[in-house]
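A quick write-up on the structure given underneath.
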Protein chains: 2
Amino acid sequence: MTMQQQREEIIRALKAKGLRVTPQRFAVYANLLHRCDHPTAEDILQDLNRVAPTSSQATVYSSLQTLRQVNLVREVLLEEGVRRYDANLKPHHHFRCQYCGTIADIAWQALAHLDLKNLKSGWQIQDYEVTIHGRCDRC
Amino acid sequence: MTMQQQREEIIRALKAKGLRVTPQRFAVYANLLHRCDHPTAEDILQDLNRVAPTSSQATVYSSLQTLRQVNLVREVLLEEGVRRYDANLKPHHHFRCQYCGTIADIAWQALAHLDLKNLKSGWQIQDYEVTIHGRCDRC
DNA sequence: CTTTGTGCAAACGATTTGCAGGATG
DNA sequence: CATCCTGCAAATCGTTTGCACAAAG
């Protein structure tokens, strides 16, 4: 996919959700899509303003909130007191290295599916996520 | 187990970890052990001071931190921006109702174990946890 | 031109810290 | 009696909010 196509793809996604396409919102979403780590709001802000000022702090926070509401982005909880964001919408699990903090995505199919029947009577399962803790190949 | 035995059990656990047994620390840990929900620091503070002032805010926070460091207590991440605590050390998973927020423990054995072999080459698995989202029997 | 988004700075809630006095082992 | 813990209040961190102005459709 060319650079240009990627841009159009993002614009299409935002419009499809009824969002106005502003440079700041575009930048936040594009940044999240192009990164493979799971950055915090602060990480994104830093990255966007690395070269030239692009967005303010408040705008990054509000963009993330908006993108989350329309399900283009989701929050990931892997560490205590840290909110991370992820634009990978395909269901997947996470592997976090306890030593260096690196986070790797684990494809949904990579795990044998759980047998969730009759877990707790009367409770309906919507979805589930697995977080694996361990040591990565470099630690 | 009698009330008295429970108290002695707690004192033994704290001493075994090299911690001094203060009334405040005792109260925080005992409170957490006797509750089946997964309270926040604030919840614990409220509960302890319900009848008579027992601990200050700073002390509850510091006790939780200390108890966590010695592995008598662990943090649970189930909702965005909320830190909950749990003194149940037996490995278990969590089920959270998306409607009322109720959290239920799922015994480790209740889930068919995951096949975690060959997940990612070079990565060693320490442990994993499953968070299930759904609707509880009362919602 | 109407509506929505941005940026600033102030407000906020949860958690942490500095420090003096108090309790524990 | 040395060390560790507590409580208060102030500091800090991440996030949210109010509001005037700017930009998008």
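Values in this document were obtained by computation on a predicted structure and should not be read as measured data. Quick note on labels: first sequence line is chain A, next is B, and so on, each numbered from 1.
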Stepwise, does the salt bridge (charged side-chain N to carboxylate O under 4.0 Å, His left out) test hold for A/Glu79 with A/Arg96?
-> CA-CA 9 Å; A/Glu79 291 152 275; A/Arg96 175 167 191 276; 3.2 Å; yes
Check step by step if salt bridge (charged side-chain N to carboxylate O under 4.0 Å, His left out) holds for B/Arg68 and B/Glu75.
-> CA-CA 8 Å; B/Arg68 197 152 64 84; B/Glu75 265 194 21; 3.6 Å; yes
Report the C-alpha distance between B/Arg83 and B/Leu64 in whole Å, list the side-chain angles of each, state the deciding distance to 0.1 Å, and finish with yes or no for side-chain contact (heavy atoms from CB on, under 4.5 Å).
-> CA-CA 11 Å; B/Arg83 299 165 79 161; B/Leu64 286 171; over 6 Å; no
Pair A/Arg35-A/Asp47, salt bridge (charged side-chain N to carboxylate O under 4.0 Å, His left out): steps then yes or no | CA-CA 10 Å; A/Arg35 300 175 70 148; A/Asp47 205 15; 3.5 Å; yes
May I have the step-by-step check of ring-ring contact (aromatic ring centres under 6.0 Å, His included) for B/Trp123 and A/Tyr99, ending in yes or no?
-> CA-CA 12 Å; B/Trp123 293 60; A/Tyr99 302 90; over 10 Å; no
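For D/dG7, one of the phosphate oxygens OP1 or OP2 lies less than 4.0 angstrom from a side-chain nitrogen or oxygen of B/Thr59.
In this structure, B/His94 and B/His38 have perpendicular ring planes: the angle between them is above 60°, well past the 30° mark. Ring planes of A/Tyr128 and A/His93: parallel class, angle under 30° (limits at 30 and 60°).
Between the side chains of B/Gln6 and B/His34, at least one donor N or O sits under 3.5 Å from an acceptor N or O.
Within 4.0 Å (heavy atoms only), B/Thr66 reaches no atom of the nucleic acid at all.
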Where along nucleotides 10-25 of chain D does protein come under 4.0 Å, by heavy atom, of base (B) or sugar-phosphate alone (S), with - for untouched nucleotides?
-> ----SBBB-----BBS
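Scanning DNA chain C 5' to 3' for nucleotides with an atom closer than 4.0 angstrom to a non-hydrogen atom of chain A gives a first and last hit of C/dT3 to C/dC8.
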